[in-house]
2 protein chains.
Amino acid sequence: MSTPEDASKIYRQYLSAVMLHGHAGAKACHLGATDLYALNILELSGAMTPGELGTRTGLTTGPTTRLIDRLEAAGYVRRAPSPDDRRKVIIEPIDRPGRLDEVLAPARRAIGAIIGDYSPEEREVLFDYFVRATRAYQDSTENLNEPP
Amino acid sequence: MSTPEDASKIYRQYLSAVMLHGHAGAKACHLGATDLYALNILELSGAMTPGELGTRTGLTTGPTTRLIDRLEAAGYVRRAPSPDDRRKVIIEPIDRPGRLDEVLAPARRAIGAIIGDYSPEEREVLFDYFVRATRAYQDSTENLNEPP
DNA sequence: AGATTTATCTTCCTTTAGGAAGAGATTAGA
DNA sequence: TCTAATCTCTTCCTAAAGGAAGATAAATCT
């Protein structure tokens with residue numbers, strides 16, 4: 001990992017591995033692509049209304065309702081009434097969604113072990129990177145979603 | 001990032017941000033979920049036959065052929081004849097697929113800038129992690145795909 | 001209060017992706 | 001050599017997801 005091309009390749013393969021694992025996990029739970037997408041949005045941004053979720057996923061209202069139906073039936077989210085506006089509904093992700101959590105657990109354990117191998121100072125570096133990369137990816141994603 | 005729960009949450013959000021960005025990029029290129037999945041497989045494992053790609057994606061032969069048709073039409077892969085077996089075809093990813101690369105470029109630049117901010121020693125830690133995490137995710141993905 | 005806007009949901013229709021079965025070509029094996 | 005197995009592709013059918021339009025209920029504004 002000396003030349004920039006090596007670094008780029010390593011990073012691209014790392015991203016591919018992350019994506020493939022996510023897809024494989026979703027498939028193992030019989031979750032469609034959009035369902036996984038929505039769950040990631042909820043993981044990242046917390047509870048929100050169907051309207052907002054529809055906007056973020058790029059779906060119209062009809063499919064959004066059924067997306068939420070699927071997630072609710074599978075036990076990943078819950079519909080709660082909004083306290084301040086009775087037209088609204090709040091989609092709350094459920095803390096530890098059994099099936100998906102179970103499927104992703106082995107990878108989490110493996111990554112936990114890897115991270116645990118580093119010194120506290122090195123872990124600081126890693127988590128600093130995680131936080132900053134999260135923001136960078138969020139910003140880039142917003143820019144991708146705006147244009148259309 | 002002091003308690004383990006914080007660390008776990010940071011990491012989960014990081015993963016979600018990565019996944020969301022991948023999905024958004026694919027959507028911006030009008031790529032379906034399976035298409036993105038297949039491209040990630042090719043990125044990670046290099047050229048392979050339709051049969052192997054079908055196995056890896058979990059598709060039967062019919063849909064696999066059309067998956068490759070879509071990717072080829074969009075300019076992401078190329079069909080090459082196999083030199084040793086004339087029944088076989090080799091699906092080669094195209095080095096720099098224009099559209100997708102262009103869409104992902106802003107994020108790559110942002111991440112490159114973040115990584116460039118660290119000291120060489122810190123970068124060593126990051127890339128060591130990337131390499132090890134890649135293997136861990138690959139292994140976990142294989143285990144997820146085997147059972148069924 | 002009445003009209004307008006907002007938010008979710010329902011229904012119907014279209015599109016697309018995936019499975020099943022089989023054809024054509026090539027290789028491997030008896 | 002002739003049969004069986006392998007690999008890709010084609011065709012037809014089914015199923016699932018998304019768009020469009022409208023219904024219902026509640027909030028907002030005059």
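A note on names: the letters A, B, ... follow the listed sequences, proteins ahead of strands, and every chain is numbered from 1. Here the structure is a predicted model, which is why all the values come from computation and not from measurement.
Distance A:Asp69 CG to C:dT8 C1': 11 Å, rounded to the nearest Å. Between the NE2 atom of A:His23 and the P atom of C:dA17 there is a distance of 15 Å, given to the nearest Å. Per the geometry, CG belonging to A:Asp84 stands 12 Å off C1' belonging to D:dA26, to the nearest Å. Computed from coordinates, the B:Glu72 CD to D:dC9 C1' distance equals 13 Å when rounded to whole Å. B:Leu71 places its CG atom 11 Å from the P atom of C:dA17, with the value rounded to the nearest Å. Taking atom CZ of residue A:Arg87 and atom C1' of nucleotide C:dT6, one finds them 4 Å apart after rounding to whole Å. In this structure, B:Glu52 atom CD and D:dT6 atom P are separated by 16 Å, rounded to whole Å. Rounded to a whole Å, the OH atom of B:Tyr37 is 12 Å from the P atom of C:dG18.
The ring of A:Phe130 has its center closer than 6.0 angstrom to the ring center of B:Tyr129.
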Exercise for the section: Begin with the C-alpha distance, continue with both residues' side-chain angles, and end with the deciding distance and a verdict on salt bridge (Lys or Arg N to Asp or Glu O under 4.0 Å) for B:Asp117 and B:Arg123. Expected result: CA-CA 9 Å; B:Asp117 266 353; B:Arg123 268 200 294 279; over 6 Å; no
Exercise for the section: Tell me, with the steps shown, if B:Glu92 and B:Val77 meet side-chain contact (heavy atoms from CB on, under 4.5 Å). Expected result: CA-CA 5 Å; B:Glu92 300 174 338; B:Val77 304; over 6 Å; no
So which protein nitrogen or oxygen atoms get under 3.5 Å of nucleotides 16-19 of chain D's nitrogens or oxygens?
from   : atom 1 : to      : atom 2 : distance (Å)
D:dG18 : OP1    : A:Thr34 : OG1    : 2.5
D:dG18 : N7     : A:Arg66 : NH2    : 2.8
D:dG19 : OP2    : A:Thr60 : N      : 3.3
D:dG19 : OP2    : A:Thr60 : OG1    : 3.4
D:dG19 : O6     : A:Arg66 : NH2    : 3.4

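The side chain of B:Lys88 has D:dT8 as its nearest neighbour among C:dC9, D:dT8, C:dA7. Looking at the side chain of B:Arg86, the nearest of the listed nucleotides C:dT8, C:dT27, D:dC9 is C:dT27. Nearest to the side-chain atoms of A:Thr61 among the listed nucleotides D:dT8, C:dT27, D:dA21 stands D:dA21. Taking every side-chain heavy atom of A:Asp85 into account, D:dA27 is the closest of D:dT8, C:dA25, D:dA27.
The backbone N or O of B:Leu42 sits nowhere less than 3.5 Å from a side-chain atom of B:Ser45 that would complete a donor-acceptor pair. Under a 3.5 Å cut-off, the side chain of B:Lys27 and the backbone N or O of A:Asn145 do not form any donor-acceptor pair.
The closest side-chain heavy-atom distance from A:His21 to B:Leu144 is below 4.5 Å. At a threshold of 4.5 Å between non-hydrogen side-chain atoms, the residues B:Asn40 and B:Leu44 do not count as touching.
A:Thr49 comes within contact range of the sugar-phosphate backbone alone, with a heavy-atom separation under 4.0 Å but no base atom that close.
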